[in-house]
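Read the structure below first, then the notes.
Note that these values count all heavy atoms, side chains included, but never hydrogens, waters or copies made by symmetry.
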Amino acid sequence: MAQKEEAAAAAAPASQNGEDLDDLENPEKLKELIELPPFEIVTGERLPVNFFKFQFRNVEYSSGRNKTFLCYVVEAQGKGGQVQATRGYLEDEHAAAHAEEAFFNTILPSFDPALRYNVTWYVSSSPCAACADRIIKTLGKTKNLRLLILVGRLFMWEEPEIQAALKKLKEAGCKLRIMKPQDFEYIWQNFVEQEEGESKAFEPWEDIQENFLYYEEKLADILK
């Protein structure tokens with residue numbers, strides 16, 4: 001069974017705008033934080049090492065992990081067989097749109113009917129019900145889109161609403177599976193910042209295989 005894990009203070013962001021939460025008793029400081037705009041969706045090619053190690057870790061209890069990190073690979077294939085591939089990542093935190101929805105709004109807002117799209121997501125946790133609904137609607141109106149979602153953790157999987165959403169994703173043709181240790185290694189090699197001139201080997205955490213099996217069993221029970 002996956003272990004409980006509490007967020008280390010140094011690993012988690014101090015607040016939604018990087019401010020020190022200890023000062024929130026100050027009315028002026030609190031007013032300043034409240035009036036700040038929400039986080040924007042952050043995009044890029046490679047995410048920082050500490051973000052990967054904290055946010056993608058497949059623990060059972062995701063204390064402090066209040067962001068969604070989504071690494072994507074988009075392969076667009078034309079009739080001649082030519083394939084154009086793009087990759088990158090998204091992250092959200094208190095933004096107007098979650099990373100899954102932001103992908104369709106910013107990364108792939110339109111689909112060329114002459115192309116076939118094979119999209120793979122590597123997501124820190126599975127979609128919420130609202131994001132699942134957006135995915136289902138997009139798949140329903142975009143017949144030339146195939147989507148595979150690999151998740152590190154299941155988000156609130158005990159909730160009936162979430163279980164129903166995951167089942168609907170499967171029914172809509174979305175392939176959903178839990179990340180294996182090899183998938184985390186793939187993210188490390190392809191989406192995580194490496195020291196210039198050298199590439200460090202991926203070091204799996206102690207319970208990575210145990211937690212994968214735990215979540216795989218839970219997902220299988222939900223989707224059966």
- Query: Hey, any chance V83 and L108 share a hydrophobic cluster, counting ILVMFWY side chains that come within less than 4.5 Å of each other, even indirectly?
  - Reply: no
Close side-chain approach of [X] to [Y], heavy-atom, < 4.5 Å:
X: N58; Y: F184; answer: yes
X: F202; Y: Y186; answer: no
X: V59; Y: F54; answer: no
X: N105; Y: R134; answer: yes

To the closest 0.5 Å, what do you measure between [atom1] ([X]) and [atom2] ([Y])?
X: Y214; Y: E217; atom1: OH; atom2: CD; result: 9.0 Å
X: M156; Y: E161; atom1: CE; atom2: CD; result: 8.0 Å
X: E100; Y: F104; atom1: CD; atom2: CZ; result: 9.0 Å
X: L70; Y: F191; atom1: CG; atom2: CZ; result: 9.0 Å
X: K180; Y: R177; atom1: NZ; atom2: CZ; result: 5.5 Å
X: E216; Y: L154; atom1: CD; atom2: CG; result: 10.5 Å

- Note on the structure: With C174 as partner, the option from T138, L139, L148 fulfilling side chain to side chain contact (heavy atoms under 4.5 Å, CB included) is L139
- Is the number of heavy atoms from other residues, nucleotides or ligands within 6.0 Å of CD (Q209) greater than 12?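 More than 12 within 6.0 Å, yes.
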- Query: Should we say atom CD of E158 is surrounded by more than 12 heavy atoms from elsewhere, each under 6.0 Å from it?
  - Reply: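 Count over threshold, so yes.
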- Task: Look at E193 together with R46 and state whether they make a salt bridge at an N to O cut-off of under 4.0 Å.
- Result: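 Judged by the 4.0 Å cut-off on N to carboxylate O distance, E193 and R46 do not form a salt bridge.
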Identify the heavy atoms of [X] and [Y] that sit nearest to each other, and give their distance.
X: I187; Y: C71; result: CG2-SG, 4.1 Å
X: Q163; Y: I222; result: O-CG2, 3.8 Å
X: M179; Y: G152; result: CE-N, 3.6 Å
X: F51; Y: E91; result: CE2-OE2, 3.8 Å
X: I208; Y: P204; result: CG2-CB, 3.8 Å
X: L176; Y: V151; result: CD1-CG1, 4.1 Å

- Message: What verdict does the side-chain contact (heavy atoms from CB on, under 4.5 Å) test give for I162 and L166, after you've listed the backbone C-alpha separation in whole Å, the side-chain angles of each residue and the deciding distance to 0.1 Å?
- Response: CA-CA 6 Å; I162 296 297; L166 295 177; 4.2 Å; yes
- Indicate whether any N or O donor in one side chain lies under 3.5 Å from an N or O acceptor in the other, for N211 and W205.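 No, W205 and N211 have no side-chain donor paired with an acceptor closer than 3.5 Å.
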- Using modelled atom types only, decide if a donor and an acceptor are shared between the side chain of W188 and the backbone of V49 within a distance under 3.5 Å.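 Such a contact is absent between W188 side chain and V49 backbone.
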Only pairs under 3.5 Å count here: list side-chain donor-acceptor contacts from residues 113-133, not counting sequence neighbours, and write none if there are none.
{"unit_1": "Y117", "atom_1": "OH", "unit_2": "D112", "atom_2": "N", "d": "2.8"}
{"unit_1": "S124", "atom_1": "OG", "unit_2": "F69", "atom_2": "N", "d": "3.0"}
{"unit_1": "S126", "atom_1": "OG", "unit_2": "F155", "atom_2": "N", "d": "2.8"}
{"unit_1": "D133", "atom_1": "OD2", "unit_2": "K137", "atom_2": "NZ", "d": "3.3"}

- Y72 and F103: CA distance, side-chain angles, deciding distance, ring-ring contact (aromatic ring centres under 6.0 Å, His included) verdict: CA-CA 9 Å; Y72 62 86; F103 174 86; 5.4 Å; yes
